[in-house]
Number of protein chains: 2
Amino acid sequence: MTPVPVSRRPAPDVARWCDEFEATCRARGVRVTPQRLAVYRALAEDLSHPTAEAVWARLRPRMPSLSPATVYRILESLDREGLVRRVSVTDGAGRFDANRGPHQHLVCRVCGRVRDVRDPTLTRVGLGRDAVRGFTVEELDIRIVGRCGRCRK
Amino acid sequence: MTPVPVSRRPAPDVARWCDEFEATCRARGVRVTPQRLAVYRALAEDLSHPTAEAVWARLRPRMPSLSPATVYRILESLDREGLVRRVSVTDGAGRFDANRGPHQHLVCRVCGRVRDVRDPTLTRVGLGRDAVRGFTVEELDIRIVGRCGRCRK
DNA sequence: TCCTAGATGCGAGAGATTACCATCTGGAAC
DNA sequence: GTTCCAGATGGTAATCTCTCGCATCTAGGA
C-alpha cells in the first residue's frame with residue numbers, strides 16, 4: 001500500500017529507547033510532555049534521518065494541533081541535551097538521528113539519503129594531540145559522501 | 001557569534017592557486033569571468049572559511065556591481081566542479097574552503113570559528129569494504145567539534 | 001487541588017539561498 | 001577585428017528553513 005517503504009527501526013529497540021528516554025528526562029528533571037515523547041518516538045522509529053518538517057508531517061495525523069515550531073524547538077533542545085544528534089548534511093534542512101552510539105553517516109550526494117554505518121577503523125580513530133592544541137574536542141563527526149547503489153549509473 | 005577575524009593565506013600560495021584555478025577552468029572549457037576569478041581569489045586568500053555573504057562583502061568595494069546571487073552561484077558551481085569545498089558546520093550559513101588537500105576541520109561550537117588541521121591519524125584513515133557495500137565513496141568529511149582556546153572558560 | 005516554571009500554538013519575521021528573466025559577455029568561428 | 005550565442009551576470013521576487021514574541025496551557029512538585 002505504501003508507495004515508498006519507510007525504513008523502520010525494530011519495534012523492540014524503539015520501545016526500549018523510548019523507555020530510556022523518558023527515564024533520562026525524569027532523572028534530569030526535564031519535563032515529559034506528549035509532544036516530546038511523540039517527537040522522540042517518531043525519530044527513534046525512523047532510520048531515514050528525517051528533517052524536523054518530516055517528523056512534524058508524520059505526527060500531524062495523530063496530533064493535529066502539533067505546531068511545527070514545537071517540533072523544531074524539541075529537536076533543538078534534545079540535541080543540546082545530547083538525547084538525539086543533529087546530522088550534518090551540509091545543504092538544505094537539518095536532519096536528526098536518535099542513534100547516539102558511535103557511528104558514521106553515508107550521505108548520497110545525488111538523492112540525499114543518509115544511512116548509518118559502523119566502520120571499526122573509523123570508530124577506533126583517535127586524535128593526535130598536536131593537531132588539536134588549544135582545542136577541546138567534544139565530538140568527532142564523520143561524513144562519508146558519495147553515491148548510493150540506487151544513484152550509481 | 002563574534003565576528004571572525006580575517007587570517008590570510010601566504011600571497012605566493014594564493015598566486016599559485018589562482019593560476020592553477022584559471023588553467024583548470026580553461027582546460028575544462030569553463031568560462032573564465034572577472035567575477036569567478038575574484039570570488040576564487042577572495043576565498044583562496046581567506047583562511048577563515050567565509051560564508052558566501054562574507055565573500056561578497058569583501059569584494060563589494062572593488063566590484064560594486066557584483067551581485068550576491070552571483071557569488072552564491074559561483075561558489076555553488078565551484079563546489080560542484082570540485083574546485084572549492086563546502087564546509088559542513090551544520091547550523092547557519094554555508095561556509096567555503098579553497099583548500100582541497102586532505103585535511104579536517106576544527107569547529108568551535110561557541111564562536112563558530114573553523115580551522116583547518118591535518119591529523120595524520122585521520123588523514124590515513126581507510127574505509128572497511130563492508131561498511132560501504134553498494135556505496136561509491138567520493139569524499140571523507142571529518143569535522144572535529146569542540147571549543148577553541150579562546151572560548152574555553 | 002493549587003501554583004508556577006516551563007512548554008506549547010500560532011503568526012510574524014529573519015536569514016540564507018534559489019528562481020526568474022532581461023541583459024551582457026567570453027571566447028570560438030569567421 | 002567583428003560577429004555570434006551559449007552561458008554568465010544583476011536585480012529582484014520568491015522560497016525554504018527555521019526563530020521569535022507572546023498569549024495560553026500544563027506537568028508535576030507543594
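Order of the sequence lines sets the chain letters (A, B, ...), proteins ahead of strands, with each chain counted from 1.
- The distance between atom CH2 of B/Trp56 and atom P of C/dT18, rounded to the nearest whole Å, is 17 Å.
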Tell me which donor-acceptor pairs under 3.5 Å the side chains of residues 59-70 of chain B have, and how far apart each pair is, sequence neighbours excluded?
{"unit_1": "B/Ser67", "atom_1": "OG", "unit_2": "B/Ala69", "atom_2": "N", "d": "3.2"}
{"unit_1": "B/Thr70", "atom_1": "OG1", "unit_2": "B/Arg73", "atom_2": "NH2", "d": "3.2"}

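- Connectivity analysis of hydrophobic side chains (ILVMFWY, heavy atoms under 4.5 Å, direct or indirect) links A/Val145 to nothing; its cluster partners are none.
- Shown here are the salt bridge (Lys or Arg N to Asp or Glu O under 4.0 Å) partners of B/Asp79, two or more places apart in sequence or in another chain: B/Arg86.
- A 4.0 Å heavy-atom criterion places the boundary nucleotides of DNA chain D facing chain B at D/dA6 to D/dT12, written 5' to 3'.
- Both B/Leu78 and B/Leu43 are assigned to one and the same hydrophobic cluster, defined by single-linkage of ILVMFWY side chains at heavy-atom distances under 4.5 Å.
- Five base pairs at each end of the helix from C/dT1-D/dA30 to C/dC30-D/dG1 define two local axes, and these are offset by 40° (rounded to 10°).
- For the residue pair A/Asn99 and A/Arg85, the shortest heavy atom distance occurs at O-CD, 3.9 Å.
- Listed by residue number, the members of residues 62-71 of chain A with any heavy atom below 4.0 angstrom from DNA chain C are A/Ser65, A/Leu66, A/Ser67, A/Ala69, A/Thr70.
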Short N/O separations, protein against nucleotides 13-16 of chain C, under 3.5 angstrom:
none

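- Interatomic distance, CZ of A/Arg118 versus CD of A/Gln104, reported as 8.5 Å (0.5 Å rounding).
- Under the ring-ring contact (aromatic ring centres under 6.0 Å, His included) criterion, B/Tyr40 pairs with B/Phe21, not counting sequence neighbours.
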Check: Can you give one letter per nucleotide of nucleotides 25-30 of chain C, going 5' to 3': B for a protein heavy atom under 4.0 Å from the base, S for sugar-phosphate only, - for none?
Finding: BBS---
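- Within a heavy-atom distance below 4.0 Å of DNA chain D, no residue of residues 17-25 of chain A is found.
- Remark: B/Arg16 does not engage B/Asp19 in a salt bridge, criterion side-chain N to carboxylate O under 4.0 Å.
- Separating the CZ atom of A/Arg28 from the C1' atom of C/dA7 is a distance of 18 Å, rounded to the nearest angstrom.
- Checking B/Ile74 against A/Arg86, the closest nucleotide of DNA chain D that is more toward the 5' end is the one next to B/Ile74.
- The two residues B/Ser7 and B/Ser48 come nearest to each other via the heavy atoms OG-N, 4.1 Å.
- Nearest heavy atoms, A/Phe96 versus A/Val84: CD2-CG2, 4.3 Å.
- In the hydrophobic cluster analysis, where Ile, Leu, Val, Met, Phe, Trp and Tyr join through side-chain heavy atoms closer than 4.5 angstrom, B/Tyr72 is grouped apart from B/Leu75.
- Not one N or O on the side chain of A/Arg143 forms a donor-acceptor pair closer than 3.5 Å with the backbone of B/Asp141.
- Both A/Leu106 and B/Ile142 are members of a single hydrophobic cluster when ILVMFWY side chains are connected at heavy-atom separations under 4.5 Å.
- For residues 99-110 of chain A, the pairs satisfying salt bridge (charged side-chain N to carboxylate O under 4.0 Å, His left out) are A/Arg109-B/Glu138, A/Arg109-B/Glu139, with sequence neighbours left out.
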Under 3.5 Å, which donor-acceptor pairs do the side chains of residues 28-38 of chain A form with other protein atoms, sequence neighbours left out?
{"unit_1": "A/Arg28", "atom_1": "NH1", "unit_2": "A/Glu81", "atom_2": "O", "d": "2.9"}
{"unit_1": "A/Thr33", "atom_1": "OG1", "unit_2": "A/Arg36", "atom_2": "N", "d": "3.1"}
{"unit_1": "A/Arg36", "atom_1": "NH2", "unit_2": "A/Ser77", "atom_2": "OG", "d": "3.1"}

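- At a threshold of 4.5 Å between side-chain heavy atoms, the hydrophobic network of Ile, Leu, Val, Met, Phe, Trp and Tyr places B/Leu83 and B/Val14 in two separate groups.
- Here the side chains of B/Asp116 and B/Leu47 are not in contact, with every heavy-atom distance at 4.5 Å or above.
- Scanning all heavy atoms of the two residues, the minimum distance from A/Val55 to A/Ala42 falls at CG1-CB, 4.2 Å.
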